[in-house]
Each structure stands twice: as structure tokens, then as C-alpha cells.
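Notes follow once the structure below has been shown.
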Protein chains: 2
Amino acid sequence: MIVKESTLDQTLIALADPTRRAILQHLSKGEARVTEIAAPFDISLNSVSKHIRILERANLVRRRKKGREHLLSLAPEPLDEASSWIESHRALWSGRLAELDNLLGSNKK
Amino acid sequence: MIVKESTLDQTLIALADPTRRAILQHLSKGEARVTEIAAPFDISLNSVSKHIRILERANLVRRRKKGREHLLSLAPEPLDEASSWIESHRALWSGRLAELDNLLGSNKK
DNA sequence: TATAAATTCACCCTTATGGGTTAATATAGT
DNA sequence: ACTATATTAACCCATAAGGGTGAATTTATA
């Protein structure tokens with residue numbers, strides 16, 4: 001049973017797919033329509049549409065409608081949380097391992 | 001069809017689950033057995049075992065057997081790749097958005 | 001108004017996740 | 001040799017992902 005489903009979860013899930021990372025990279029060049037985003041991929045427009053929904057769920061992408069076109073743009077804020085989680089743990093863990101290596105090293109007879 | 005299945009994918013998938021992040025956090029205090037890791041959770045030992053397998057698949061956790069006990073320990077290296085992907089894109093995107101804000105700001109009559 | 005374009009919706013299929021339970025395996029200890 | 005412990009294996013179940021197709025919806029345009 002899912003209790004909370006944090007935004008961090010959704011962000012990491014969204015980033016854990018190469019197609020979605022490519023979509024984000026495309027959007028880093030500026031606003032784009034769904035069809036434009038889909039063009040480089042040889043999967044259906046529909047699949048791309050679903051990937052976009054997952055990116056929206058994670059608040060990594062925003063949509064604004066202009067007539068029949070849906071214009072997508074980046075919203076990088078969620079990356080802050082993901083980045084800080086990973087970065088803080090990375091620092092902590094590397095530190096602990098280094099410390100452990102020291103202990104083992106100095107115990108070596 | 002999955003073509004490559006990068007280590008970055010596996011790392012992000014592994015991190016995108018709160019149970020697995022909690023396991024990593026537990027392991028940051030040092031090597032531990034599967035049973036010890038499972039204790040704080042009210043899910044079955046078996047479920048925890050599966051989570052650990054996913055962490056191993058991402059090379060975030062290493063296992064060494066000592067008799068009937070399996071001792072798990074952290075291997076933080078994969079975090080480097082994840083961190084650098086996110087961090088570099090975060091920087092890029094925030095930059096672009098700031099730039100865009102500037103343009104819009106200066107165009108405002 | 002009729003048609004074309006841009007998207008999504010509603011389905012289908014397959015595979016993976018995350019949970020469970022009940023064996024099976026391997027090792028420790030008596 | 002038994003028995004208990006630590007862990008995985010082999011299943012079952014439900015749900016979500018990731019892909020597809022074809023219809024529906026909305027808006028632009030001839």
C-alpha cells in the first residue's frame with residue numbers, strides 16, 4: 001500500500017527513463033509542442049504523450065495550451081530536491097568509506 | 001524494446017523507492033545482514049531481499065557471504081553518475097530559465 | 001461547413017514492481 | 001544426525017510502465 005508517494009519518488013521515477021531524459025534535454029532548448037518532441041523518436045506520438053504525462057506528474061514539465069497546440073516547457077525546481085538528496089548522501093557515504101579505509105589501513109600489521 | 005539499460009537508469013530506478021532509500025540510509029551506518037536491514041520494516045523479509053537485489057543490480061550495494069549470513073555494504077560510486085547528470089542539467093536549465101526571465105523582463109513595456 | 005491537424009482517450013498486450021506465502025538451500029549449533 | 005537460523009527460490013496477486021492501435025476531441029483553416 002502506498003502511503004505518501006513523495007515528489008522525490010516521482011522525480012526519480014521520471015528521470016529513470018532515457019526517453020524522458022531525452023525529452024527534458026530537448027526542452028532545455030526551449031518550449032516545444034508534443035509533435036516536435038516526438039519527432040526524433042521512433043515510438044508513437046501516443047507513447048511520447050504518456051512520457052510527458054509522467055514528467056508533468058513529477059512537475060518537471062509544464063504545459064500551456066495555445067489553440068490546438070500544447071506547449072511544453074521545463075520546470076527544473078524538482079531537480080533541487082533530487083540533487084540535494086543524492087549529493088548529501090553521496091558526501092556522507094564517501095566520507096564513511098574513506099574513514100573505514102583509514103581504520104583498515106592503520107590496523108594492517 | 002530495451003536497447004541498452006544504462007547504469008544510470010538502474011541507479012535512478014533503485015533510488016526512486018522510499019524503502020530502498022531507507023535501506024541505503026541504514027547501510028550508511030555500516031555493514032548489515034539482510035535480517036537486520038529488514039527489521040524496521042513491516043514488510044516481509046522476502047520483499048526486503050528483493051529490494052536489495054535491485055540495489056545490487058544498480059551496484060549501490062555489495063554483498064559478501066560469511067557463513068550463512070549475507071553482509072551488505074554500501075557502494076556509493078553509482079551516485080556520482082546520477083549526481084552529475086542531475087547537477088549539470090539543473091545548472092543548465094536554471095540558467096536558461098533565468099535568461100528567459102531576463103528577456104521577458106526587458107521586453108515588458 | 002467540411003476538412004485537416006494536434007492531442008488525448010480508451011482500449012490491448014507484455015513485462016516489471018512490490019507485496020505476499022510456502023518451499024528449498026546452506027550453514028551453525030547441539 | 002537433528003534442529004534452528006539466514007537467506008533465497010518459486011510461486012501467486014495486483015498495479016504500473018511502456019509499447020501499440022484506433023476513435024474522440026478540440027481548434028484552425030480552406
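Keep in mind the model is a prediction, meaning the values are calculated, not measured. Lettering of chains follows the sequences in order, A, B, ..., and the numbering in each one begins at 1.
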*By nearest nucleotide on DNA chain D, pick out whichever of A:Gly67 and A:Ser44 is the more 5' one.*
A:Ser44

_In whole Å, I'd like the distance from the CD atom of A:Glu56 to the P atom of D:dA17._
14 Å

*How about A:Glu56 and A:Ile52: do any of their side-chain heavy atoms sit closer than 4.5 Å?*
yes

Run the side-chain donor-acceptor check on residues 32-49 of chain B: report pairs under 3.5 Å with partners two or more places apart or on a different chain.
| residue | atom | partner | partner atom | Å |
| --- | --- | --- | --- | --- |
| B:Arg33 | NE | B:Glu36 | OE2 | 3.2 |
| B:Glu36 | OE1 | B:Arg33 | N | 3.0 |
| B:Ser44 | OG | B:Asn46 | N | 3.4 |
| B:Ser44 | OG | B:Ser47 | N | 3.1 |

*Short side-chain N/O contact to C:dG18 OP1/OP2 from B:Arg20, under 4.0 Å*: yes

Please tabulate the protein-to-nucleotide N/O contacts below 3.5 Å involving nucleotides 10-13 of chain C, giving atom names and distances.
| residue | atom | partner | partner atom | Å |
| --- | --- | --- | --- | --- |
| C:dA10 | N6 | A:Asn46 | ND2 | 3.4 |

*Which whole-number value in Å describes the distance from B:Ile13 CD1 to C:dT17 C1'?*
10 Å

*For the pair made of CD1 in B:Ile23 and C1' in C:dG19, what is the distance, rounded to whole Å?*
14 Å

*NZ of A:Lys65 versus C1' of D:dT25: gap in Å, rounded?*
10 Å

Give every donor-acceptor pair under 3.5 Å between a side-chain atom in residues 12-24 of chain A and any protein atom, sequence neighbours left out.
| residue | atom | partner | partner atom | Å |
| --- | --- | --- | --- | --- |
| A:Asp17 | OD1 | A:Thr19 | N | 2.8 |
| A:Asp17 | OD1 | A:Arg20 | N | 3.1 |
| A:Arg20 | NE | A:Ala14 | O | 2.9 |
| A:Arg20 | NH1 | A:His51 | ND1 | 3.1 |
| A:Arg20 | NH2 | A:Ile13 | O | 3.1 |
| A:Arg21 | NH1 | A:Leu15 | O | 2.7 |
| A:Arg21 | NH1 | B:Asp9 | OD1 | 3.0 |
| A:Arg21 | NH2 | B:Asp9 | OD1 | 2.7 |

_Pair A:Glu81, A:Thr11 - check side chain to side chain donor-acceptor pair (under 3.5 Å), show working._
CA-CA 9 Å; A:Glu81 191 185 2; A:Thr11 303; 5.2 Å; no

*Could you pull out all residues at least two apart from A:Arg90 that satisfy side chain to side chain donor-acceptor pair (under 3.5 Å)?*
A:Glu87, B:Asp80

*Relative to each other, are the rings of B:Trp85 and B:His89 parallel, tilted or perpendicular (30° and 60° limits)?*
parallel

*Separation of B:Ile43 atom CD1 from C:dG20 atom C1', in whole Å?*
11 Å

*Contacts of type side chain to side chain contact (heavy atoms under 4.5 Å, CB included), residue A:Arg68, not counting sequence neighbours*: none

*Taking for each residue the nucleotide of DNA chain D bearing the nearest heavy atom, is the 5' side occupied by A:Lys66 or by A:His51?*
A:His51

*asked:* Side chains of A:Leu74 and A:Leu60, heavy atoms from C-beta outward: is any pair under 4.5 Å?
replied: no

*Using whole Å, report how far CG of B:Leu72 lies from P of D:dT7.*
8 Å

*Distance from A:Arg62 atom CZ to A:Leu71 atom CG, nearest 0.5 Å?*
13.0 Å

*Between atom CD1 in B:Ile52 and atom P in D:dA9, what is the gap in whole Å?*
12 Å

*Atom CG of B:Asp9 to atom P of C:dT17: distance rounded to whole Å?*
11 Å

All N/O pairs under 3.5 Å across the protein-nucleotides 3-7 of chain C interface:
| residue | atom | partner | partner atom | Å |
| --- | --- | --- | --- | --- |
| C:dA5 | O4' | A:Arg68 | NH1 | 3.2 |
| C:dA5 | N3 | A:Arg68 | NH1 | 3.4 |
| C:dA6 | OP1 | A:Arg33 | NH1 | 3.1 |
| C:dT7 | OP1 | A:Val34 | N | 3.3 |
| C:dT7 | OP1 | A:His70 | N | 3.3 |
| C:dT7 | OP2 | A:Thr35 | N | 2.9 |
| C:dT7 | OP2 | A:Thr35 | OG1 | 2.2 |
| C:dT7 | O3' | A:His70 | ND1 | 3.3 |

*State which of C:dG20, D:dG18, D:dA9 makes the closest approach to the side chain of B:Arg53.*
D:dA9

